[in-house]
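Below is one structure, written out as structure tokens; the observations come after it.
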Amino acid sequence: MDMQPIPAREGNHNLPNYEKKRENFSWEEVKKNFSWHQTGKVNIAYETIDRHAENPDKKDQVALLYSAPDREERLTFEQLKNKSNQFANILKDQGVQKGDRVFLFMPRSPEFYASFFGILKVGAIAGPLFEAFMEQAVRDRLEDSEASVLITTPELLERVPEDELPNLKKVVLVGDSDKQSDRYVDYYVEMEKASIHFDIEWVDLEDGMLLHYTSGSTGKPKGVYHVHNAMIQHYATGDWVIDLKEDDIYWCTADPGWVTGTSYGIFAPWLHGVTNVIRGGRFTPESWYETIDKNNVTVWYSAPTAFRKLVSAGEKIVKNYDLSSLRHVMSVGEPLNPEVITWGVNALGLRIHDTWWMTETGAMMIVNYPVMDIRPGSMGKPLPGVEAAIIDNEGNELPPNQMGNLALKKGWPSMMRAIWKNPGKYESYFINDWYVSGDSAYKDEDGYFWFQGRLDDVINTSGERVGPFEVESKLIEHPAVAEAGVIGKPDPERGEIIKAFITLNEGYKNSDDLLEEIRLFVKKGLSAHAAPREIEVTKTIPKTRSGKIMRRLLKSWELGLPTGDTSTLEE
Ligand code: ATP
Ligand code: MG
């Protein structure tokens, strides 16, 4: 982690001076970019799509550039406006009202996006569910949210236990089905009939728009409730951090079942009126490089787990693709290993910019701006209008370089407004005016923040506090190691010892010598106390479907304890 800072490249970036921007900053300034400033009422769907569709210079621009192995489709802003109006009419006919929860359980597709905006246009609250959820996960979320309408496909409907969901009144089916009661609405038949004109439900900034269940890395997923006001921060970060310009072709790899897939797969890019690439289908390094090459992607937002797979696939295959269109790359979801940043510079010729935020924060909070020096391993600095600090358990700020709770001063625009039906849980996030993230970190003398681990994951070994991220990052620098998950294992003498689970790159065989070599590699690179005492080779590292290492699961396996909620576990 003692790598040299990587300076920014020359270029015309939207935010030339982020330090200056912080001075006398007010979010009111950002609001001026929206049309609702005149009306007092808003709708995020209008600002995202319709505003561009009503602009003669923009209406025919491709908004959605959809590509899946078996389907390619393009929708302009005007087409997306019309389709979402049609869907809004369908919902209205079914009696959907402002504030109702309408859930989506389907793969990424043009239908998904038309439905999503249709939901927002009637003033309802959208709840996107990841398509790979199994029955239990679907039931928990539909039950908790008391959703009244579900949009799904006939295949996925088999995972919806309808008879156990009394609040669910209507099911919109995208695809052919023999379901024949008026409980079921045929998407294509009704869209055909529906008018492309719809009077948007104008709402207040504080009215609800989205219910997102968290990734479940640390426990049972929570229903995080967001309001239209969040668009202020989606817009601002799309400008300052994603650096979007009118003619960009942008690709965010996250599924809209996770907050990155909505805040940055939907809102930020379209608030800025750029062409948004949506890719369906499974991940392979080849297909991802091809997506950039074929669509001339200029700005790319992805996650460490994906970047690590690309690193493992090697630099050689990169040469088979023309990635010269790319100008800006960002990462979120987990700590970005310095190894990956080095790979980005070597393989792509670009820095990868880490961004830190959570479902609960609704938008980016601590970031690496395109114009700033990157210190590999650091998540960067807080946005203008965001105050971040390291605090102790009483809410006192800690001095630089001391590890503590990463906290944020209440009041940024995209903050969650509730945990659905769980006020106690919501209150538990706060100490006085501080929102406490549950992550531990420190801040250096220059104001850069350094992620150490989730509070639950920090290891206490012989009186030293060790963050698993640091050890994992070192482990994957070893050529044999593809992925690593590190936990603390109770030990009578040391409190905890460090245990590492690793997967091996192709061509390497598990042996005592190799494991010892890896151990020494960490010891030499980090310190004796951070070197894992135990290393176990496994086939895979358990991850959430949003791509995060599930250390709590490694721990319960190791200790033979019950595994808790695993609804978001990847197969
Ligand atoms: P749950 O709250 O259900 O356990 P989760 O916290 O994984 O799930 P998300 O809201 O999707 O659900 O993830 C937010 C968390 O992801 C952060 O609290 C942090 O631990 C991690 N994270 C996100 N971005 C970064 C980053 N850039 N660096 C380090 N950690 C990150
Ligand atoms: Mg969390």
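The figures here come from the full heavy-atom set of this structure, side chains too, leaving out hydrogens, waters and symmetry mates. All ligand and atom numbering here is 1-based and tracks the order in the structure.
- The shortest N or O to N or O distance between Ser437 and ligand 1 is not below 3.5 Å.
- Under a 4.0 angstrom heavy-atom cut-off, Tyr213 registers as lying outside contact with ligand 1.
- Taking the six-membered ring for Trp, Phe451 and Trp356 have ring centres at least 6.0 Å apart.
- Under 4.0 Å from ligand 1, the heavy atoms of Trp357 that appear belong solely to its backbone.
- Side-chain polar atoms of Glu360 and Tyr429 form a donor-acceptor pair below 3.5 angstrom.
- Nearest protein heavy-atom contact of atom 24 (N) of ligand 1 is Gly333 N, 3.1 Å.
- For atom 4 (O) of ligand 1, the closest heavy atom belonging to the protein is Thr218 OG1, 2.4 Å.
- Summary of contacts: the protein heavy atom closest to atom 19 (C) of ligand 1 is Asp439 OD2, 2.9 Å.
- Contacts between Thr355 and ligand 1, counted as non-hydrogen atom pairs separated by less than 4.0 Å, involve the backbone only.
- Ligand 1 has Gly216 within reach: a non-hydrogen atom of the residue lies less than 4.0 Å from it.
- Side-chain N/O atoms of Asp354 and Asn368 include no donor and acceptor closer than 3.5 Å.
- Nearest protein neighbour of atom 13 (O) of ligand 1, counting heavy atoms only, is Lys548 NZ, 2.9 Å.
- Contacts between Glu334 and ligand 1, counted as non-hydrogen atom pairs separated by less than 4.0 Å, involve the backbone only.
- A ring-centre distance under 6.0 Å is found for Trp288 and Phe283.
- Looking at Asp243 and Lys245, a side-chain N of the basic residue comes within less than 4.0 Å of a carboxylate O on the acidic one, giving a salt bridge.
- The protein heavy-atom contact nearest to atom 11 (O) of ligand 1 is Ser215 OG, 2.8 Å.
- Near Pro335, meaning under 4.0 Å from any of its heavy atoms, are these atoms of ligand 1: 28 (N), 29 (C), 30 (N).
- Ranking protein heavy atoms by distance to atom 25 (C) of ligand 1, first place goes to Trp356 CD1, 3.5 Å.
- Annotation: Trp270 is in aromatic contact with Phe117 [ring centroid separation under 6.0 Å].
- Under a 4.0 Å criterion applied to the non-hydrogen atoms of Thr359, ligand 1 contributes the atoms 9 (P), 10 (O), 11 (O).
- Atom 7 (O) of ligand 1 has its closest protein heavy atom at Ser217 OG, 2.4 Å.
- Every residue two or more places apart in sequence or in another chain that forms a salt bridge (Lys or Arg N to Asp or Glu O under 4.0 Å) with Glu536 is listed here: Lys499.
- Regarding atom 2 (O) of ligand 1, its nearest protein heavy-atom neighbour is Lys222 NZ, 3.0 Å.
- At least one heavy atom of Phe451 sits under 4.0 Å from some atom of ligand 1.
- At a cut-off of 3.5 Å, with distance as the only test, no side-chain donor of Asn14 or Trp240 sits close to an acceptor on the other residue.
- The only option from Thr253, Val241, Thr260 that meets the side chain to side chain contact (heavy atoms under 4.5 Å, CB included) definition with Tyr301 turns out to be Thr260.
- Applying the side chain to side chain donor-acceptor pair (under 3.5 Å) rule to Ser546 yields the partners Ser215, Thr544; only residues at least two apart in sequence or on another chain are considered.
- Relative to atom 6 (O) of ligand 1, the option among Met358, Arg552, Arg454 with the closest non-hydrogen atom is Arg454.
- In summary, the aromatic rings of Tyr264 and Trp357 are positioned with their centroids under 6.0 Å apart.
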